[in-house]
**Q** 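Let me begin by handing over the structure; questions about it come next.
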Amino acid sequence: MANSQLKSDAIMDQMKQHLSTDAGKDLTKKIGLVYQINIAPKKIGFDEVVYVVDLKKGEVTKGPYEGGKPDATFSFKDEDFVKVALGKMNPQIAFMRGAMKIKGSLSAAQKFTPDIFPKPSKM
């Protein structure tokens with residue numbers, strides 16, 4: 001695995017904290033799905049860092065999902081993930097441009113919106 005200093009790491013750290021708040025707990029009740037997010041420094045499919053955003057348990061972990069299959073798996077380049085997470089790129093547009101790849105349930109994938117991410121304080 002590549003020695004990662006991805007911009008996405010900071011977002012995932014914020015996400016961890018966000019899920020422990022009341023707003024985060026509401027998300028887990030509302031969505032109740034598990035997402036695996038593969039983030040590549042430069043090119044999708046290479047040196048990917050894998051995160052699991054578990055909106056059943058309300059936690060973010062590094063490494064592939066261990067509890068069976070995630071509801072949906074996304075693959076991004078680091079910079080594109082950051083744009084989607086910060087609401088600077090619409091997830092549907094990212095998908096159509098090939099900036100995001102999806103495996104698994106499309107209905108689960110459609111619940112993956114910038115609203116699930118904490119609003120950024122400072123990056």
Side-chain angles (χ1 to χ4, degrees):
M1 192 139 121
N3 181 9
S4 77
Q5 257 330 92
L6 300 173
K7 294 183 184 111
S8 306
D9 292 339
I11 291 172
M12 290 300 187
D13 284 341
Q14 288 176 353
M15 186 78 185
K16 269 182 202 167
Q17 292 159 0
H18 180 57
L19 289 176
S20 64
T21 66
D22 289 341
K25 290 185 174 94
D26 288 346
L27 269 179
T28 42
K29 281 186 202 126
K30 192 170 95 180
I31 297 180
L33 297 167
V34 177
Y35 296 112
Q36 181 170 306
I37 302 172
N38 304 333
I39 301 170
K42 299 271 182 255
K43 191 171 178 207
I44 289 176
F46 294 90
D47 299 325
E48 289 179 326
V49 176
V50 178
Y51 282 97
V52 174
V53 177
D54 187 333
L55 295 176
K56 282 182 180 160
K57 293 184 194 157
E59 58 189 29
V60 176
T61 52
K62 207 168 191 174
Y65 185 53
E66 311 257 320
K69 280 176 83 167
D71 294 295
T73 299
F74 299 94
S75 299
F76 289 96
K77 281 191 332 205
D78 186 36
E79 63 190 59
D80 293 330
F81 175 75
V82 171
K83 287 177 192 165
V84 169
L86 298 179
K88 292 184 176 146
M89 188 191 295
N90 177 308
Q92 284 87 357
I93 290 172
F95 177 69
M96 288 189 282
R97 286 188 185 156
M100 169 172 85
K101 293 191 174 18
I102 302 172
K103 282 188 196 133
S105 159
L106 278 179
S107 63
Q110 286 169 335
K111 293 181 181 167
F112 181 82
T113 64
D115 303 342
I116 71 171
F117 293 97
K119 297 298 161 254
S121 41
K122 285 193 198 94
M123 289 287 293

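If you read the sequence from its start, that first residue is 1, and numbering goes on from there.
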**Q** I'd like to know whether the aromatic ring centres of F76 and F95 sit less than 6.0 Å apart in this structure.
**A**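 For F76 and F95, the ring centres are not under 6.0 Å apart.
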
**Q** How close do S105 and A72 get, counting heavy atoms only, and between which atoms?
**A**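 That would be O-CB, 3.9 Å.
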
**Q** Kindly indicate whether the side chain of M15, heavy atoms from C-beta on, has any atom under 4.5 Å from the side chain of V53.
**A**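 SC-SC contact between M15 and V53 confirmed.
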
**Q** Checking the side chain of D78 only, and the main-chain atoms of K7 only, is there a donor and an acceptor separated by less than 3.5 Å?
**A**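 Looks like yes, one N/O pair under 3.5 Å.
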
**Q** For the hydrophobic clusters of this structure (ILVMFWY residues joined by side-chain heavy atoms under 4.5 Å, transitively), does one cluster hold both V84 and I44?
**A**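 Hydrophobic grouping puts V84 apart from I44.
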
**Q** Going only through I, L, V, M, F, W and Y residues with side-chain contacts under 4.5 Å, is there a path from F81 to L33?
**A**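 Linked, F81 and L33 end up in one cluster.
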
**Q** About how many Å separate OG1 of T73 and NZ of K103, when rounded to the nearest 0.5 Å?
**A**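 Output value for this atom pair is 6.5 Å.
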
**Q** Rounded to the nearest 0.5 Å, what separates atom OG1 in T113 from atom CG in N90?
**A**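 Interatomic distance, T113 OG1 to N90 CG, rounded to 0.5 Å: 10.0 Å.
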
**Q** Using a 6.0 Å cut-off, check whether atom CG of D26 has over 12 heavy atoms from anything other than its own residue.
**A**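 Enclosed.
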
**Q** Check whether any side-chain heavy atom of M100 lies under 4.5 Å from a side-chain heavy atom of P91, and answer yes or no.
**A**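 A side-chain contact under 4.5 Å exists here.
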
**Q** Could you give the distance from NZ (K83) to CE (M89), rounded to the nearest 0.5 Å?
**A**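 That separation rounds to 4.5 Å.
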
**Q** Please check if the side chain of Q36 supplies one atom and the backbone of Y65 the other of a donor-acceptor pair under 3.5 Å.
**A**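 The answer is yes, because a donor-acceptor pair under 3.5 Å joins these two groups.
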
**Q** Going from CD on E59 to OG on S20, what distance comes out if it is rounded to the nearest 0.5 angstrom?
**A**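 Between atom CD of E59 and atom OG of S20 there are 11.5 Å.
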
**Q** State the CG-NZ distance between L106 and K111, to the nearest 0.5 angstrom.
**A**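 That separation rounds to 12.5 Å.
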
**Q** For the side chain to side chain contact (heavy atoms under 4.5 Å, CB included) test, which of Q14, Q17, H18, M12 pairs with V60?
**A**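 Testing each of Q14, Q17, H18, M12 against V60, the sole residue satisfying side chain to side chain contact (heavy atoms under 4.5 Å, CB included) is M12.
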
**Q** Do V34 and I37 belong to the same hydrophobic cluster, where Ile, Leu, Val, Met, Phe, Trp and Tyr are linked whenever their side-chain heavy atoms lie under 4.5 Å apart, directly or via other members?
**A**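 No, V34 does not connect to I37 through the hydrophobic network.
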
**Q** Would the distance check show the side chain of D71 and the main-chain N or O of Y35 forming a donor-acceptor pair, the cut-off being under 3.5 Å?
**A**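 Looks like no, no N/O pair under 3.5 Å.
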
**Q** Side chains of L55 and K30: closer than 4.5 Å at any heavy-atom pair?
**A**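 Sidechains of K30 and L55: no contact.
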
**Q** Would you say the ring centers of F74 and Y51 fall short of 6.0 Å from each other?
**A**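 No, they do not, as the ring centres are separated by 6.0 Å or more.
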
**Q** Test K62 against D9 for side-chain contact (heavy atoms from CB on, under 4.5 Å), laying out the working first.
**A** CA-CA 10 Å; K62 207 168 191 174; D9 292 339; 4.2 Å; yes

**Q** Working to the nearest 0.5 angstrom, can you tell me the gap between E66 CD and T61 OG1?
**A**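 The OG1 atom of T61 is 8.0 Å from CD of E66, to the nearest 0.5 Å.
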
**Q** Does D80 use its side chain to pair, donor to acceptor, with the backbone of K77 at less than 3.5 Å?
**A**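 Not confirmed, D80 side chain does not pair with K77 backbone.
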
**Q** Are L19 and V52 co-members of a hydrophobic cluster defined by side-chain heavy atoms under 4.5 Å apart?
**A**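 No: no chain of side-chain contacts under 4.5 Å links V52 to L19.
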
**Q** Report whether V49 and F112 are members of the same hydrophobic cluster (ILVMFWY, side-chain heavy atoms less than 4.5 Å apart, transitive linking).
**A**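 In one cluster: yes.
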
